[in-house]
S.K.: 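Structure incoming, see below.
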Amino acid sequence: MEIPKAYDPKLAEEQHYSRWEARGYFAPEINHDPDAHVYSIVIPPPNVTGNLHMGHALQHTIMDVLTRYHRMRGYRTLWLPGEDHAGISTQIQVEKKLKKEEGLTRHDLGREKFLERVWEWKEKYGGEIIKQMRREGASVDWSRKRFTMDEGLSRAVREFFVKMYEKGWIYRGEGLINWCPKDQTALSDLEVEKVEKKDGKLYYLQYPVKGSERRVTVATTRPETMLGDTAVAVSPKDERYSDLVGATLLLPIVNREIPVVADDFVDPEFGTGAVKVTPAHDQNDYAMGQRHDLPQVKVIDSQARMTAEAGAEFEGLDRYEARDKVVAKFEELGLLEKVADYEFSISQCARCRTVIEPLLSVQWFLKQAAFGRKPLELMREKHQPRFVPENPYEKVYANWLEGLYDWTLSRQLWWGHRIPAWYDEAGNVFVARTETDARKAAGTHELTQDPDVLDTWFSSALWPISTLGWPDETEDLKTFYPTSVLVTARDIIFLWVARMMMTGVEFKGERAFDDVFIHGTIFDKHGQRMSKSKSNGVDPLEVFDKYGVDATRIVLASIGTTDTRWNDTQVESYRNFANKIWNAARFCLMNSEGARVGLGFEGDPKTWALHDRWIMSRLQKAARDVSASIEAYDFHAAVQTIYHFFWDDFCDWYIELSKSDVTATEASPARDAARGRALTVLEQALRLLHPFMPFITEELWQKLPGVGSELLHPAYKDAEPTVMLAGYPQAREELIDERAEGEIASIIELVSRVRNIRSELNLKPGEQVRLLIAAPDAAVRSVFESGAQQIARLVRASQVSVGESLDAPRASARAVLAGGAEVAVPLEGLIDFAQERERLGREQDKLQKEGARLEAQLSNPQFVERAPAEKVEELRQRRADIAQRTRQLTQTVEALSE
RNA sequence: AGCCGGUUAACUCAGUCUGGUCAGAGUGCCUGUCUUACAAACAGGAAGUCGAAGGUUCGAAUCCUUCACCGGCUACCA
C-alpha cells in the first residue's frame with residue numbers, strides 16, 4: 001500500500017465529516033438497542049452574532065469527546081446544537097449596519113420593518129459559529145438544531161411567562177433598575193459589571209440645619225444626585241448625630257426641606273457618618289426610602305440628562321456636566337467642605353461599558369427567591385447537579401441561590417421575545433399565551449401588546465427543556481431529559497446554569513443535568529484574557545489550518561478545567577503525535593500482506609510470545625485507565641495515558657520487538673500472525689484515540705485490512721463500518737499480565753543501559769558490539785536468552801551471550817542491573833580504563849546515595865515501628881538490591897584497577 | 001472588606017483530595033545519528049532546596065498556620 005510519509009490533516013478532515021453526517025451517525029436513532037442507556041448534552045447556544053474563538057473550541061471539544069466516547073460505549077447519544085438570538089448584541093449589530101449603509105435608525109424603519117431586517121441579517125450572516133462546528137468535527141445532531149426564536153421555543157417562552165405570572169412569581173411594577181443610557185434599556189444585575197475607578201473623588205457637601213447655624217456634612221461620589229435628595233441618614237448608634245434625628249435640613253440649591261433619619265444601613269465609621277439619600281437614583285437609598293417612606297424625586301432621565309425636577313438651571317444637562325455645576329455651586333455657597341481622592345467601583349453595562357444609571361421605572365420582574373428555593377434544596381439534599389470541579393463551584397452556586405433578588409425581565413428592545421402581556425384602554429393588563437386568549441380574557445379586541453421584549457436569558461433558562469419539545473411531553477423530552485452534563489464557562493453559572501435548574505425543577509420536577517463541567521479559561525501567552533478589543537485572540541481556524549483539527553482538539557481536551565496560557569508549541573507537539581500515529585500505521589500497512597485485524601491473538605495467552613503478552617497487558621491497562629479518566633472528566637490523564645501507550649509502548653517497544661517477525665522476507669503463517677497482531681493493537685489504539693482525534697483515526701481505521709461491521713458496537717450493527725461506531729475498548733482483566741510486564745521491563749532496562757554505554761563511549765550507531773550478559777537468577781536468564789535476538793537488534797549487537805556468570809575481557813564497559821544481572825560490552829582498544837572507572841564511580845555514587853537514604857529511614861526505629869509493615873518490607877528489599885549491586889560494582893571497579 | 005484559586009525544570013502544565021519509587025510530561029537546551037514507519041524522527045544527557053517561614057508526622061510538593069506575589073468571584077460602605 002502506498003502511503004505518504006507525512007500526515008496531511010486536511011485530507012482526512014475533508015473526507016469524513018460529511019459522510020458521518022449524511023449517514024445519520026450523529027443522530028441517536030442510529031442506535032438500535034432498545035435497552036441502551038441514554039447520554040445527552042445540549043450545547044450552550046452560541047450567539048448568532050458570534051465567531052468561533054478558543055473558548056468555544058475548548059467547550060465543543062470536551063462535549064464531543066464525551067459524546068463520541070459514550071456513543072462508542074453503546075449509549076443512545078444526543079448532542080443537540082443550536083443558537084441564541086442574543087437580544088442586545090444582535091439588535092445593535094444590525095442597527096450599526098443600517099446606520100452605516102443606509103444612514104437609517106431603527107425608528108426610521110419602524111418596528112416591523114426593522115425586525116424583518118434582523119431576520120434577514122440572521123439568515124445571511126448569523127450562525128457562523130454553528131457552521132464552523134463542522135470543521136471541529138463536532139458530532140452534533142443537526143436534525144435537532146434549535147434557535148431560541150424558533151416558533152416552538154417561543155411558545156415555551158410564553159408558556160413559562162404565563163405560568164409564572166399565574167403563580168404570582170412574575171409581576172409588573174415600579175422598581176429601581178439598572179439602565180444603560182446608551183443601549184436605552186433596562187438590564188438585570190448580572191448584566192452589569194463592577195469596575196474599579198481609580199481616579200474617583202469623594203465630595204464632602206454641607207447641608208444647613210433648619211433654624212440653626214449647624215451644618216451636616218455628607219460625603220458622596222455623585223454630587224449631581226443631591227438635587228434629588230429627600231433625606232439624610234445617620235446611624236441610630238451614632239451619638240454625634242443623635243440629637244439631629246428628626247431635625248430638618250435645608251437642601252442647598254433647591255432649598256427643599258428634608259428630614260434626618262436614623263437607619264442601620266449607615267456605617268458611622270465611613271465618611272462623615274451622614275449619608276445623603278436619593279431614593280430615585282441609588283439602590284441603597286431606594287431601600288432606605290422605602291423604609292422611611294421618603295418621596296422619590298427623579299432628577300435624571302433615561303438619556304442620563306437632568307430633568308425639569310432638577311431645576312431650571314440644570315434641566316437638560318448631561319449628568320457629568322451637572323456634577324461639575326453642582327460642585328461649583330457648593331463652592332460658591334461656601335458649602336463644599338473638601339474633595340478627596342477616592343477609589344471605588346462603578347457599574348457599567350457589560351456590553352457597551354457605559355456607566356449604568358439606576359432609574360426608577362415600571363418593568364416586569366421575576367421573584368427569583370421563590371423560584372430558586374427548590375434548586376437550592378436539591379443541592380443541599382442531593383448534591384444535584386454535581387459540579388466538576390466541585391470546588392469551588394458547588395459553593396459559588398449554592399451561595400448565589402441563597403441570596404436571590406428579583407430579576408428584571410423586560411428590555412426596551414425590539415429583537416427578542418415580546419412580552420405576552422396586553423393592555424386595554426383603561427390600562428388593565430392581560431397576560432396570555434396568545435393575543436386571542438388575551439382578547440377573550442379582556443372581552444375586547446382593543447388591546448395593545450406590551451412593547452418590551454424579554455431578557456435574552458429568559459429563553460436561555462428554558463434551553464434544556466424547550467429544545468426537547470416542552471411544553472409538549474415529546475418523546476425526546478421523555479428520553480433525553482434530564483441531560484447528562486452541561487459543559488460551560490464559569491462566568492455564566494448564575495446567568496444561565498442556575499436558571500436552567502430553576503426551570504427544569506419547576507416544570508419537569510428534576511434537575512436539568514446530572515453534572516456541570518466548568519472548563520478553564522484560555523489566556524494569551526502573557527496571561528491576558530483574549531478579547532477582540534485587545535486583538536490578542538488566537539483564531540482556532542488558523543490553528544486548525546496550521547496543525548490540524550485533531551492536534552488542536554487533543555490539546556484542548558487536555559486543558560479541561562485548567563486556566564492556561566495558550567501556546568502553539570503544545571499543538572505542535574500533538575501535530576507530531578498525529579504524524580507518529582500516521583507513521584506507525586504506515587509501517588503496519590506496508591507490512592500487512594497476508595494479515596488482517598483480529599489475526600494473531602488466538603489461543604491461550606500463555607502460549608503467546610512475551611512481547612505479545614506484554615503489549616496486550618499494556619493495552620488492557622490503557623483501556624481501563626482511559627475510560628476511568630474520561631468518566632471522571634480527567635481528560636488530561638486520559639490523553640497522557642493514550643499518548644504514552646501509543647508512543648512509548650506501541651511504537652518504541654512493541655513495533656521494535658516484533659519488527660523482525662513482521663518484516664520477515666518470506667511469507668509464513670508466523671509472519672501473518674505477527675502482522676495481524678500489530679494491526680490488532682493499532683486498531684484498538686485508534687478506537688481509544690477516536691473521541692479525541694476523530695479525523696486521523698477514521699482515516700487510518702478505514703485503511704486497515706479486515707475492518708468491518710463486526711467491529712461495530714452491537715447497538716450499531718447495521719451501520720457501515722466506521723471507527724466512530726466501533727465499540728470503545730474495554731479492559732479484559734484476564735489479559736493483564738504483571739509477570740510479562742516485569743520481564744519486558746528488565747529487557748528495557750538492559751537495552752537502555754547498553755545504549756547509554758554506546759552513547760557515552762561515542763560508538764557510531766552503525767558500529768556493532770558484542771554483549772555478554774550474566775544473570776544469576778534462572779528466570780531472568782531465560783528472559784534474556786529467549787529475547788537475545790530482539791536485544792541484539794535493539795542495541796545493534798552482532799552477538800549476545802547469556803550466562804550464569806560474567807566472563808568478559810577486562811577491556812569491557814559494564815553495567816549492573818536491578819536484580820543483580822550484569823552486562824558487559826567488550827571494547828578492546830576503545831576503553832580508557834581510568835574513564836571507565838570514573839563512569840562506574842558515578843554509578844556507585846548514585847546507588848550509594850539512594851542506599852544511604854534507605855538506610856537512614858530503616859535505621860529509624862520509629863519508622864520501622866509505625867510505618868505499615870509492607871512499606872518497611874518494600875524498603876528492605878530495595879536496600880538489599882542496592883547493596884547487592886553496589887558489591888558487584890565495587891568488584892568490577894577493582895577488577896579494572898588491577 | 002469577605003471568600004476562593006494559583007505559585008513545581010528556561011516555557012506550558014501534571015502530581016496535592018486519599019502523606020511514603022512523585023520530584024514527572026511535552027517543549028526548549030546539550031551530544032550523536034537522515035539506522036528502509038516516522039528528522040514532525042531516533043538514541044543518550046543536563047536541568048527544579050515543588051513561592052517564603054513556621055508547625056503536625058517516623059516521613060510533607062501533598063495536611064495545618066502565617067506571610068508574599070498574581071488572578072478570580074461576591075459585597076449596600078455613600
Side-chain angles (χ1 to χ4, degrees), chain A residues 3 5-7 194 202-203 218-222 225 233 265-267 269-278 282-288 342 344-345 389-393 395-396 399-400 403 490-491 493-494 521 523 525 527 529 547 551 555 558-559 562-570 572-591 634 636-637 639-640 643-644 651-652 655-656 659 662-663 751-752 755-760 762-766 793-796 850 854 856-857 860-868 870-872 874-875 878:
Chain A
I3 299 170
K5 270 177 97 163
Y7 172 56
K194 296 273 166 76
L202 192 59
Y203 302 84
V218 295
T220 180
T221 55
R222 299 198 60 192
T225 61
F265 162 76
V266 180
D267 174 5
E269 304 293 315
F270 186 85
T272 62
V275 185
K276 60 191 273 312
V277 182
T278 324
D282 181 276
Q283 282 299 348
N284 302 314
D285 294 5
Y286 176 78
M288 273 196 280
Y342 180 59
F344 63 104
S345 18
E390 184 177 313
N391 186 329
Y393 300 116
K395 213 164 129 190
V396 165
N399 285 348
W400 189 72
R490 61 170 157 263
D491 51 349
I493 291 176
F494 308 145
T521 309
F523 301 101
K525 63 179 167 191
R529 195 171 277 275
Y547 302 105
V555 167
S558 304
I559 286 174
T562 323
D563 287 354
T564 196
R565 299 178 179 207
W566 184 261
N567 199 333
D568 270 8
T569 60
Q570 296 167 76
E572 198 177 335
S573 85
Y574 280 97
R575 187 269 317 260
N576 296 352
F577 180 49
N579 194 50
K580 188 75 182 176
I581 297 166
W582 181 261
N583 277 290
R586 181 167 178 261
F587 171 78
C588 294
L589 289 168
M590 282 165 57
N591 298 288
D634 188 351
H636 186 272
V639 167
Q640 289 302 306
Y643 182 92
H644 290 292
C651 294
D652 287 353
I655 288 184
E656 297 305 329
K659 202 169 232 172
V662 167
T663 59
V751 168
S752 302
R755 282 173 173 172
N756 176 277
I757 288 172
R758 294 188 58 118
S759 178
E760 291 205 12
N762 287 322
L763 292 193
K764 289 271 167 276
R793 184 186 176 96
L794 290 169
V795 301
R796 308 194 146 250
E850 203 189 336
L854 288 171
Q857 217 170 343
N860 180 343
Q862 282 170 310
F863 170 73
V864 180
E865 238 170 76
R866 300 190 197 185
E870 299 164 27
K871 183 58 66 184
V872 177
E874 189 190 318
L875 292 197
R878 276 166 59 196

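These figures come from a predicted structure and were not determined experimentally. Residue numbering restarts at 1 for every chain, and letters A, B, ... go by the order of the sequence lines.
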S.K.: I want to verify a distance call: between B/C77, B/C4, B/A40, whose nearest atom is closest to the A/Asp267 side chain?
M.R.: B/C77
S.K.: I'd like to know if A/Asp563 pairs up with A/Arg490 as an ion pair, taking the criterion as any Lys NZ or Arg NE/NH1/NH2 lying under 4.0 Å from an Asp or Glu carboxylate oxygen.
M.R.: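 Judged by the 4.0 Å cut-off on N to carboxylate O distance, A/Asp563 and A/Arg490 do form a salt bridge.
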S.K.: Between A/Tyr643 and A/Lys580, is there a cation-pi geometry (under 6.0 Å to ring centre, at most 45° from the normal)?
M.R.: no
S.K.: For A/Trp582 and A/Lys5, which heavy atoms make the closest approach, and how far apart are they?
M.R.: CD1-O, 4.0 Å
S.K.: Can you check the A/His644 NE2 to B/C13 C1' distance for me, whole Å?
M.R.: 12 Å
S.K.: So, OP1 or OP2 of B/A14: does either fall under 4.0 Å of a side-chain N or O from A/Thr562?
M.R.: yes
S.K.: A/Arg575 side chain to A/Gln570 main-chain N or O, any donor-acceptor pair under 3.5 Å?
M.R.: no
S.K.: Is the phosphate of B/A37, meaning OP1 or OP2, less than 4.0 Å from a side-chain N or O of A/Lys659?
M.R.: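 The answer is yes; a side-chain N or O of A/Lys659 sits under 4.0 Å from OP1 or OP2.
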S.K.: Taking side chain as C-beta onward, heavy atoms only, is A/Ile559 less than 4.5 Å from A/Trp566?
M.R.: yes
S.K.: For residues A/Thr225 and A/Thr278, report the shortest heavy-atom separation together with the two atoms involved.
M.R.: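 That closest heavy-atom pairing would be O-CG2, 3.3 Å.
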S.K.: Mind checking the P distance from B/C29 to B/G71? Whole angstroms is fine.
M.R.: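 About 31 Å, rounded to a whole number of Å.
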S.K.: Strictly below 4.0 Å: does A/Thr221 bring a side-chain N or O up to OP1 or OP2 of B/A78?
M.R.: no
S.K.: Specify the separation, in whole Å, of atom CD1 of A/Ile3 and atom P of B/A37.
M.R.: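 So the CD1-P distance, A/Ile3 to B/A37, works out to 13 Å.
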S.K.: Under 4.0 Å, counting only non-hydrogen atoms across every strand here, what does A/Arg878 touch: a base, just sugar-phosphate, or nothing?
M.R.: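 The residue A/Arg878 makes base contact.
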S.K.: Rounded to whole Å, please give me the gap between CG in A/Asp634 and P in B/C17.
M.R.: 15 Å
S.K.: After noting the C-alpha distance and the side-chain angles of A/Tyr7 and A/Asn583, does the key distance pass the side chain to side chain contact (heavy atoms under 4.5 Å, CB included) rule?
M.R.: CA-CA 8 Å; A/Tyr7 172 56; A/Asn583 277 290; over 6 Å; no
S.K.: OP1 or OP2 of B/A40 less than 4.0 angstrom from a side-chain nitrogen or oxygen of A/Asn583, does that happen here?
M.R.: no
S.K.: State, with a plain yes or no, whether a side-chain heavy atom of A/Leu875 is found less than 4.5 Å away from one of A/Arg878.
M.R.: yes
S.K.: Of A/Thr569 and A/Gln862, whose closest RNA chain B nucleotide lies nearer the 5' terminus?
M.R.: A/Thr569
S.K.: Would you say the side chain of A/Phe863 lies within less than 4.5 Å of the side chain of A/Lys871, judging by non-hydrogen atoms?
M.R.: yes
S.K.: Mind checking if A/Val266 touches a base, just sugar-phosphate, or nothing, with heavy atoms under 4.0 Å?
M.R.: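 Answer is base: heavy atoms of A/Val266 come under 4.0 Å of a base.
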S.K.: Contact class for A/Tyr574 vs. all strands (heavy atom < 4.0 Å): base, sugar-phosphate, or nothing?
M.R.: nothing
S.K.: Give A/Cys588 one of three labels, base, sugar-phosphate or nothing, depending on what nucleic acid heavy atoms sit under 4.0 Å from its own.
M.R.: nothing
S.K.: Taking the P atom in each of B/C50 and B/A10, what is the distance between them to the nearest angstrom?
M.R.: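 Looking at atom P only, B/C50 and B/A10 are 13 Å apart.
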S.K.: For A/Phe577, which contact category applies under a 4.0 Å heavy-atom criterion: base, sugar-phosphate, or nothing?
M.R.: nothing
S.K.: Which sits closer to the 5' end of RNA chain B, A/Glu850 or A/Ser759, going by the nucleotide each is nearest to?
M.R.: A/Glu850
S.K.: Give RNA chain B the dot-bracket treatment, 5' to 3': Watson-Crick (N1-N3 with N6-O4 or O6-N4) or G-U (N1-O2, O6-N3) under 3.5 Å, [ ] crossing, | other strand.
M.R.: ((((((((.[[[[.)....(...]]]].(((((.......))))).....[[[[[..)....]]]]])))))))....
S.K.: Base, sugar-phosphate or nothing for A/Asn762? Non-hydrogen atoms, less than 4.0 Å.
M.R.: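 Since no nucleic acid heavy atom lies under 4.0 Å of A/Asn762, the category is nothing.
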S.K.: Pick base, sugar-phosphate or nothing for A/Pro868, based on heavy-atom distances below 4.0 Å to the nucleic acid.
M.R.: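 Base: the residue A/Pro868, judged by heavy atoms under 4.0 Å, touches a nucleobase.
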S.K.: Look at the side chain of A/Lys5 against the base of B/C38 and say whether a donor-acceptor pair falls under 3.5 Å; ignore hydrogens and angles.
M.R.: no
S.K.: Across the strands shown, which category fits A/Val275 at heavy-atom distances under 4.0 angstrom: base, sugar-phosphate, nothing?
M.R.: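 The answer is base, as A/Val275 lies within the cut-off (heavy atoms under 4.0 Å) of a base atom.
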S.K.: Contact between A/Ile493 and A/Trp400 at the side-chain level, heavy atoms closer than 4.5 Å - yes or no?
M.R.: no
S.K.: For A/Asn391, answer base if it contacts any base atom (sugar-phosphate contacts may also be present), sugar-phosphate if it contacts only those atoms, and nothing otherwise; contact means non-hydrogen atoms under 4.0 Å.
M.R.: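 Sugar-phosphate: the residue A/Asn391, judged by heavy atoms under 4.0 Å, touches backbone atoms but no base.
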S.K.: Using the C1' atom in both, what is the distance from B/U7 to B/U62, to the nearest Å?
M.R.: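 Each nucleotide's C1' atom is 15 Å from the other's.
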S.K.: Out of B/A43, B/C4, B/A37, which nucleotide sits closest to the side chain of A/Arg586?
M.R.: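 Output: B/A37.
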S.K.: Quick one: does A/Glu656 reach the base of B/A37 with a side-chain donor-acceptor pair under 3.5 Å?
M.R.: yes
S.K.: Output the rounded distance in Å from CZ (A/Phe523) to C1' (B/C70).
M.R.: 11 Å
S.K.: Contact class for A/Asp491 vs. all strands (heavy atom < 4.0 Å): base, sugar-phosphate, or nothing?
M.R.: nothing
S.K.: Strictly below 4.0 Å: does A/Asn576 bring a side-chain N or O up to OP1 or OP2 of B/A41?
M.R.: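 For B/A41, OP1 or OP2 has a side-chain N or O of A/Asn576 closer than 4.0 Å.
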S.K.: Is there a side-chain contact between A/Tyr547 and A/Asp568, using heavy atoms and a 4.5 Å cut-off?
M.R.: yes
S.K.: Can you tell me how far P of B/C42 sits from CD1 of A/Ile655, to the nearest Å?
M.R.: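 Atom-to-atom, A/Ile655 to B/C42, this comes out as 11 Å.
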S.K.: Grab the CZ-P distance between A/Phe265 and B/A78 for me, whole Å please.
M.R.: 8 Å
S.K.: Base, sugar-phosphate, or nothing: which does A/Arg575 touch, judged by heavy atoms less than 4.0 Å apart?
M.R.: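 The answer is base, as A/Arg575 lies within the cut-off (heavy atoms under 4.0 Å) of a base atom.
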S.K.: Among the candidates B/U21, B/A37, B/U35, find the nucleotide nearest to the side-chain atoms of A/Pro765.
M.R.: B/U35
S.K.: How many Å lie between NZ on A/Lys525 and P on B/C13, as a whole number?
M.R.: 14 Å
S.K.: Select one nucleotide: of B/A40, B/C4, B/C77, the one nearest the side-chain heavy atoms of A/Tyr342.
M.R.: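 Among the listed nucleotides, the one closest to the side chain of A/Tyr342 is B/C77.
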S.K.: Give one of base, sugar-phosphate or nothing for A/Phe494, where a contact means two heavy atoms less than 4.0 Å apart.
M.R.: sugar-phosphate
S.K.: A/Glu572 near the nucleic acid: base, sugar-phosphate alone, or nothing, with a heavy-atom cut-off under 4.0 Å?
M.R.: nothing
S.K.: Please give the distance between the C1' atoms of B/U49 and B/A60 as a whole number of Å.
M.R.: 14 Å
S.K.: Check the distance between B/A43's C1' and A/Leu794's CG and give it to me in whole angstrom.
M.R.: 12 Å
S.K.: Between B/G48 and B/G32, how far apart are the two P atoms, rounded to whole Å?
M.R.: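 To the nearest whole Å, 23 Å.
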S.K.: Check step by step if side chain to side chain contact (heavy atoms under 4.5 Å, CB included) holds for A/Ile3 and A/Leu589.
M.R.: CA-CA 9 Å; A/Ile3 299 170; A/Leu589 289 168; 3.4 Å; yes
S.K.: Out of B/G26, B/A14, B/C38, which has the shortest distance to the side chain of A/Lys580?
M.R.: B/C38
S.K.: Using the P atom as the point on both nucleotides, what is the distance between B/C69 and B/A78, in whole Å?
M.R.: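 Rounded to whole Å, the distance is 24 Å.
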S.K.: Just call it for A/Gln283: base, sugar-phosphate, or nothing, with non-hydrogen atoms closer than 4.0 Å on any strand.
M.R.: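 Nothing, no nucleic acid heavy atom in range.
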S.K.: Using the C1' atom as the point on both nucleotides, what is the distance between B/A37 and B/G72, in whole Å?
M.R.: 48 Å
S.K.: If I pick the C1' atom on B/U12 and the same atom on B/G19, what distance separates them, to the nearest angstrom?
M.R.: 28 Å
